[in-house]
Amino acid sequence: MRFSRVTVPTLKEKPAEAQIPSHELLLRAGMMRAVAAGIYTMLPLGALALQRVEDIVRREMNAAGALEVVLPTLHPADPWMKSGRWHQYGPEMMRLGDRQGRDFCLGPTAEELITEAVAKTAPSYRDLPVNLYQIQTKFRDETRPRFGLIRGREFRMKDAYSFHVDEGDLDRTYDRMRQAYSSVARGCSLPVRVVEAVTGLIGGDVSHEFMVVSGIGEDVLVYCGDCDYGADAELESHSPGGMFGGTEAAAPQEVHTPGLVSVEEVASFLGTGPASVTKCVLYVAGGEAVAVFVPGYREVSETKLARVLGTDEFHPMREDEREKFPAVTAGYTGPVGLEGVRTVFDLEIAGARGLICGANRPDYHLGGVEEGRDFAAEPAFDVATAVQGDACVRCGGELRIARGIEIGHIFKLGVKYSEAMGASFTDRDGKDKPMIMGTYGIGTSRILATVVEQHHDDGGIKWPVSVAPLPVEVLVISPGRREQAEAAERLTRALAGRGMEILVDDREASPGVKFNDADLVGLPLQVVIGKKLDSDGTVDLKVRYTGERRAVRVELAVEEIERALEEAP
RNA sequence: CGGGGUGUAGCGCAGCCAGGUUAGCGCGCGUGCUUUGGGAGCACGAGGCCGGCGGUUCGAAUCCGCCCACCCCGACCA
């Protein structure tokens, strides 16, 4: 493959729309171009890299016993009506009509179609389990496409679906897929944390996300530094680090705190920190006021609160609702003597002493408050977010909080779709039963961006060998010199003979341009054919990842390249 | 969807507030000569419905209105 401008149209300057390294570098390295918000064209090198990722996924899926299928991207509305998701999905689903006015959508995922397809085979227990996957373009009209390939509206995803006679059988496949996903991440040189996750719109009750810790991640995860516990921040559980409490007193003392409402304001006014201030967040649920108390350095987790309240029909109290609930004093609500309001206490409040709380009258707080003596925090629930310093519920190790990129998500679905689509099998006893399902998604285009996010430097991309679009770039410094051009030609042919296609930069350009473009494009090895060929019969071999560079004799170049590729990351 | 911002050559930007001949700059692109191991030099050149529609005006890239697109923050989603 030759490095003409059309094949690899590199950009010297950073495109204005790129906010993160992977987005910038994929554009600048000439791997892709934007078409519309969240929609991209993959150019030759980008398409090759995507294929590498998808080849790895395919290999691991096949190894895990899954069979590849191809489902349509254009879905009729009917199966989505049956599952109820035609309406649940809302505007995120790309919808369109055909010339007859029939409703279609561009598939955001494919539980409905695959379940229908398997249902039509009318399997018996002897035919199960079955695990089918596809690698296909998906469509979600994201409210906010962002970060290039990280969150697009059209993207590539591998989705797999398994069908089982019982939960135990599902568990076996689920574990296998979990292993396979870890292998995919390893194969792509991505360090991954497996975390417990919420199931959301897909449904089901158990799910795990595969997260790559990254500052640009859109999700927050909590994980243990000592064991393999990890969870999405929305449903993590933690043991409080025992940081809550302040100066104790024989009895609560009222202090004047005019106009001071936030935890930070009150704490700094009283010369202390958020560790001794009780935060109160007011909600309205079922027409009733709910006062939620958490330590000042934590936030209320609305996911956890929904579990406590038994409903997700609640919202933060709006200013215009306050007059309806005279029992609470906006900004100064405290647990002492609070009546006529539903209260929810965080676990960490139980037993805490020396607290600063709202005094339930404007412009006053109470200091030296003690739980158990001045109010009762019961029942208490885990309703707060984790913070650095909390302990792992499993091993007591220190929890860490980080942002992460979700590259994969697997679910134990149960019978949600098989019941809706009438997908049953004939069991040993001759009776029809709904199949138990699992569903497993992994974003291949997102993995591509994540690899770049994890493997780059100021000069450009540093492709790991496994996902590099091509293994080697040959830079011909003076393509006008016949010796150099011929050496490049011989090397290209020799490597092709070993099944290795390479990129050759034979442009008439100054050397600096080629060096910089080679670093930007980031193929694992660079072979520089230049003046040393004439002077001492050598070419330079540079390892992009380490920057290491050495001269090798041109007739040994093929062996040296093969060896270097085995050693490179 | 709420808030903010930006649309001027392939890319990055200036000009707009204070309307006035031919709309600039850098990179990239073409031609010629020189150069050839870390983004070369000189010379000449091509390339613009100034996002779209409408309005104000003698005159609009510039002022006003509507629309569209893109980006950021939030909400949403998983």
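Note that the structure is a prediction, hence the values are computed from the model and not measured. Just so it is clear: chains get the letters A, B, ... in the order the sequence lines come, proteins before strands, and each one is counted from 1.
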- Within the structure shown, what part of the strands sits under 4.0 Å from E406(A) by heavy-atom distance: base, sugar-phosphate, or nothing? base

- Closer than 4.0 Å, any side-chain N/O of K12(A) to the OP1 or OP2 of G28(B)? yes

- With a cut-off of under 6.0 Å to the ring centre and 45° to the axis, is R95(A) in cation-pi contact with W80(A)? no

- Note on the structure: Contacts of E209(A) and A37(A) projected onto RNA chain B by closest heavy atom; the upstream (5') one is A37(A)

- Item | Sugar-phosphate, base or nothing in reach of Q19(A), heavy atoms under 4.0 Å | sugar-phosphate

- Query: Using a cut-off of 4.0 Å on non-hydrogen atoms, how would the nucleic acid contact of A197(A) be classed: base, sugar-phosphate, or nothing?
  - Reply: nothing

- Item | Identity of whatever pairs with U36(B) - Watson-Crick or G-U, under 3.5 angstrom | none

- Query: Below 6.0 angstrom between ring centroids: does that apply to H208(A) and Y181(A)?
  - Reply: no

- Message: Regarding R481(A), tell me which of base, sugar-phosphate or nothing describes its non-hydrogen contacts under 4.0 Å with the strands shown.
- Response: nothing

- Query: In terms of the angle between their ring planes, are Y174(A) and Y440(A) parallel, tilted or perpendicular, with boundaries placed at 30° and 60°?
  - Reply: tilted

- Query: How is K14(A) classified with respect to the nucleic acid when contacts are heavy atoms under 4.0 Å: base, sugar-phosphate, or nothing?
  - Reply: sugar-phosphate

- Query: Across all strands, who's sitting opposite A23(B) as a Watson-Crick or G-U wobble pair, both distances under 3.5 Å?
  - Reply: none

- Is the distance from OP1 or OP2 of A40(B) to the nearest side-chain N or O of S510(A) less than 4.0 Å? yes

- Item | Pairing partner of C63(B) (Watson-Crick or G-U wobble, both distances under 3.5 Å) | G55(B)

- Message: Please classify the nucleic acid contact of Q484(A) as base, sugar-phosphate, or nothing, using heavy-atom distances under 4.0 Å.
- Response: nothing

- Paired with C29(B) by Watson-Crick or G-U wobble geometry, both distances under 3.5 Å: which nucleotide is it? G45(B)

